[in-house]
Amino acid sequence: MDNKRILVTSALPYANGAIHFGHLAGAYLPADMYARYQRLKGRDVLFVCGSDEHGVSILISARKEGVSPQDIIDRYHVLNMRAFDRIGMSFDNYSRTSLPVHHETAREWFVEFRDKGLLRQSIEKQLYDPEARMFLPDRFVIGTCPHCGYDRAYGDQCENCSKYYEQTELLKPKSLLSDAVPEIRDARHWHFPLGEYQERLEHYIEGHADEWKENVLQQVRSWLKSGLSDRPISRDMDWGIPVPGEEEAGKVIYVWFEAVLGYISSSKEWAERIGQPEKWKEYWCDEETRYVPFIGKDNIVFHCLMFPAMLMEKGGYVLPANVPANEFLNLEGKKFSKSTGWSIELNEFLDTYPADPLRYTLAMNMPETRDSDFFWKDFQARNNNELADILGNFVNRTVHFVHKHFDGVVPAADGLLPEDEAFLARFGEIAAQVSDCYERFRFRDAVTATMNLARAANKYFNDREPWKTIKSDRRHCANTMHCSLQALHALTVLIEPVLPFTAEKLRTLLNIDHASAGHWDAIVLHRLPAGHPVGERTILFEKIDDATMEKETAKLGVLSEGPEIVHPELKEQITIDDFMKIDLRIGNIIKAEAVPKSKKLLKLIVDIGFETRQLVAGIATTCVPEDLIGRQVVIVANLKPATLFGIESQGMILAASTEEEGPVLLAPVQAIREGAIVK
RNA sequence: GGCGGGUUAGCUCAGUCGGUAGAGCAGUGGAAUCAUAAUCCACGUGUCGGCGGUUCGAGUCCGUCACCCGCUACCA
């Protein structure tokens, strides 16, 4: 790994929401640990990131809230930048893709590719909203299904008959953005011929096969196996980087082409800022640079195939040497979901808890080979049983002892015994193990090995029994404390990648600066001289009690202030006569059983007074068959029968549901005879 | 049902090339009393989800079944 320079990037967070623990564990924390580690090793590291601020989702959010896209990206850029700062991300530069430097970079690449005849054009018919003045993504147009006549079908697929079609086939289309009737217009698009790079990419990937992570390789190979094809790189929209020469046409460069270039733009911005505008090239255009992009698994295809293809085509740029993508982190067994409140806001978390215990917990539970979970109880246990009890306590007992018996200064070493020497020698062994883990992107193991020094130190302290030798053999005791203090110095360096704030506290406590503790080699140098004063003990990690954790767990899934609940649009008005066509009756469920091979369907036998009906209802996700027996419900009694999973359904049972909840059965609030009419 | 991922100790998870199953935490017992009731030592008979196959040998490779998760489909 002896490259001249190392370029580290983290996936650009999309400026349409706040980053959460999952993002952190996947792409940011490992990158930061890696960058910090490599800097300690004395390597020339550039670590950049920035906000990804274009794309249709930001535009949609802005329209929904009635603000400008700029308002949206400003909000989340500032929010995320603050969160990154508080969690200790050591970016050399944090940029944003809305800056001129990035627009210029993206345009330059686009123009160069277009001018050399690489990019292809295609023309497709697409729906255009004249009021919103944009082409409509499939999800933002609704109309009547050309197959079954269902009147709330989306642009790509009918929810009713589940058939696929082109959005232009939709009858009576309506824009969900403006309610306007869209026009069919020719949409001309630029494409990047990714398929042409198939062989070169295969060669590139297999050339790294022995070094890259298995989960990354498998995913990339599966893409390569199914064959690469052209990718569109322009879209019709008025939010983004205008396609050069077509500024008036409302055409922008598609996000996947330009966003990855944000890494380069961020590097340029950094170079400009430090007054050496050409310096970014040393990291991007020098063969001796090792480029490592950190991402989550959703980004693998971009960073392993598309971006490398672009870099190859551009020429003179380094390709990723390794793409150590992580899987996803879940929260207490479920996916993070902002809309249901199943999430923890990073900034809110950091208002209550310090950053390092979170960094430690996420690092120890990083989704390196498969999805993993964040549990509040695990966070508590890691903080209390490991950071406080093992690391914190060792620091505390050592510093306190030195103040009590040696006036708070480092005692001189005098005639160290083999046990003392053996302990000091452990520093180097552990440092080598930790190094090896970081170089191989094994962050969990790196942190475990790091803590092993604290464990070894506690054992040493116990075995040497300084509280006894202080009375019997002061020289022996002095040696013990000398070595223990050197362990504190070593720990200060060793923990820096994962616990940077604690490392800073330790430097203060030990009266040392970054010159003394800012290099990996310092771990083995035993740099605290005899007579060096150390500070009074401080609590490094406060314990967290059970009640606090129960409170935090209870907060999950409870929506805080003003959640953005989207209510489906009201349907067309009907007359009382329309409604009276529907014959609703009270029925009593007399039999209920699951439909075999179906996840959501139950077969019900319902007594509606004058006859019994067999119904197939999609309520299995919320209803247990046994509990339904004897319950009164409302059914649509005059519905034309249909067959589902080979079972005839003679009616429909009424239930309420939202996107997140339900279905919940409707029932009369007090009992009434079966067959009663509902109106 | 289709596609993808998964199933290893009480919990969270490692396990590289097929070669006697590991770590951290929790738990039990003991030691110690400098220290945030912290620390240290000792303690694991795990049907490696089931069954079959390849192999001298399978947690690992192949087949198959079960269950779990995600996406998707059926909820007319």
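Every heavy atom of this structure was used, including side-chain atoms; hydrogens, water molecules and symmetry mates were not. Here is the naming used below: chain letters follow the sequence lines, and residue numbers restart at 1 for every chain.
A donor-acceptor distance shorter than 3.5 angstrom exists from the side chain of A:Arg613 to the backbone of A:Ala637, with no hydrogens or angles considered. Between the side chain of A:Gln632 and the main chain of A:Ile586, no donor-acceptor pair closer than 3.5 Å is present. For A:Glu332 (side chain) and A:Phe375 (main-chain N/O), no donor-acceptor pair under 3.5 Å exists by modelled atom type. In this structure a side-chain-to-backbone donor-acceptor pair under 3.5 Å is missing from A:Lys640 to A:Gln650. A distance-only check finds a donor-acceptor pair linking the side chain of A:Lys213 to the backbone of A:Ala325 [under 3.5 Å]. A distance-only check finds no donor-acceptor pair linking the side chain of A:Arg631 to the backbone of A:Gly587 [under 3.5 Å]. At least one donor-acceptor pair closer than 3.5 Å links the side chain of A:Trp212 to the backbone N or O of A:Ala321.
Rounding to whole angstrom units, CG of residue A:Leu665 and C1' of B:C75 are separated by 12 Å. As a whole-Å value, the separation of A:Phe401 CZ from B:U33 P is 12 Å. When rounded to the nearest whole Å, the span between CG of A:Leu387 and P of B:A35 equals 22 Å. If you measure from atom CG of A:Asn384 to atom P of B:C11, you get 21 Å, rounded to the nearest angstrom. Here the C1' atom of nucleotide B:U33 and the NZ atom of A:Lys471 are 10 Å apart, to the nearest Å. At whole-Å resolution of the value, CG in A:Asn330 and P in B:C69 are 12 Å apart. Between the CD atom of A:Glu327 and the P atom of B:G4 there is a distance of 15 Å, rounded to whole Å. To the nearest angstrom, C1' of B:U33 lies 15 Å from CG of A:Asn396.
Atom C1' of B:C40 sits at a distance of 47 Å from the matching atom of B:G4, rounded to the whole Å. To the nearest whole angstrom, the two C1' atoms, one in B:C25 and one in B:G1, are 41 Å apart. Taking the C1' atom of each, B:U8 and B:G59 are spaced 7 Å apart, rounded to whole Å. Taking atom C1' on both B:A58 and B:U54, the two are 10 Å apart, rounded to the nearest angstrom. Taking atom P in both B:C3 and B:A73, the straight-line distance is 16 Å, to the nearest Å. Comparing the same atom, P, in B:G52 and in B:C17 gives a spacing of 28 Å after rounding to whole Å. B:C13 sits 23 Å from B:G18 when the C1' atoms are compared, rounded to a whole Å. Nucleotides B:C65 and B:G27, compared at atom P, are 43 Å apart to the nearest Å.
Note on A:Ser372: only backbone sugar-phosphate atoms sit closer than 4.0 angstrom, heavy atoms only; bases stay farther off. As judged by a 4.0 angstrom heavy-atom cut-off over every strand, A:Ile390 is placed among residues touching the sugar-phosphate backbone only. A:Lys459 comes within 4.0 angstrom of the backbone, heavy atoms only, and of no base. Among the atoms of the strands shown, only primed sugar atoms or phosphate atoms (P, OP1, OP2) are found under 4.0 Å from some heavy atom of A:Glu386. Residue-level contact check: A:Lys404 touches the backbone only, with heavy atoms under 4.0 Å from sugar-phosphate atoms and none from bases. Residue contacts shown for A:Phe394 are absent, as no nucleic acid heavy atom lies under 4.0 Å away. A:Phe541 comes within 4.0 angstrom of a base, heavy atoms only. At a threshold of 4.0 angstrom between heavy atoms, the contacts of A:Arg455 are confined to the sugar-phosphate backbone, with no base atom among them. Using a 4.0 Å heavy-atom cutoff across all strands shown, A:Asp378 reaches no nucleic acid atom at all.
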Inset, instruction - Whenever both distances are under 3.5 Å in a Watson-Crick or G-U wobble pair, mark it; put RNA chain B into dot-bracket that way, with [ ] for crossing pairs and | when the partner is on another strand. - result: (((((((..((((.....[..)))).(((((.......))))).....(((((..]....))))))))))))....

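Mapping A:Pro367 and A:Gln650 onto RNA chain B by nearest heavy atom places A:Pro367 closer to the 5' end of the strand.
Distances shorter than 4.0 Å separate none of the side-chain N or O atoms of A:Lys543 from OP1 or OP2 on B:A37.
Listed by first then second residue, pairs satisfying ring-ring contact (aromatic ring centres under 6.0 Å, His included) with a partner in residues 461-490 of chain A number zero, not counting sequence neighbours.
Of the listed nucleotides (B:A35, B:U36, B:A38), B:U36 has the atom at the smallest distance from the side chain of A:Ile539. Comparing B:A23, B:C13, B:C34 by their closest approach to the side chain of A:Arg444 singles out B:C13. Between B:A26, B:G24, B:C34, one nucleotide has an atom nearer to the side chain of A:Arg382 than all others, and that is B:G24. For A:Asp389, whose side chain is taken as the heavy atoms from C-beta onward, the closest listed nucleotide among B:U33, B:A38, B:C13 is B:A38. The side chain of A:Trp467 sits closest to B:A32 out of B:U12, B:U8, B:A32. Checking B:C34, B:A26, B:G6 against the side-chain heavy atoms of A:Asn385 singles out B:A26 as nearest. Closest to the side chain of A:Asn462, from the set B:U12, B:C34, B:A76, is B:C34. When distances are taken from the side chain of A:Asn458 to each of B:A26, B:C40, B:U36, the shortest belongs to B:C40.
The distance from atom CZ of A:Phe501 to atom CG of A:Leu506, rounded to the nearest 0.5 Å, is 14.0 Å.
Residue A:Arg464 places no side-chain atom within donor-acceptor reach of the base of B:U39, judged by atom type and a 3.5 Å distance cut-off alone.
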Compile the donor-acceptor pairs under 3.5 Å between side chains in residues 447-454 of chain A and protein atoms, sequence neighbours left out, one pair per line.
unit_1	atom_1	unit_2	atom_2	d
A:Thr448	OG1	A:Arg444	O	3.0
A:Thr450	OG1	A:Ala446	O	2.7
A:Asn452	OD1	A:Arg455	NH1	2.9

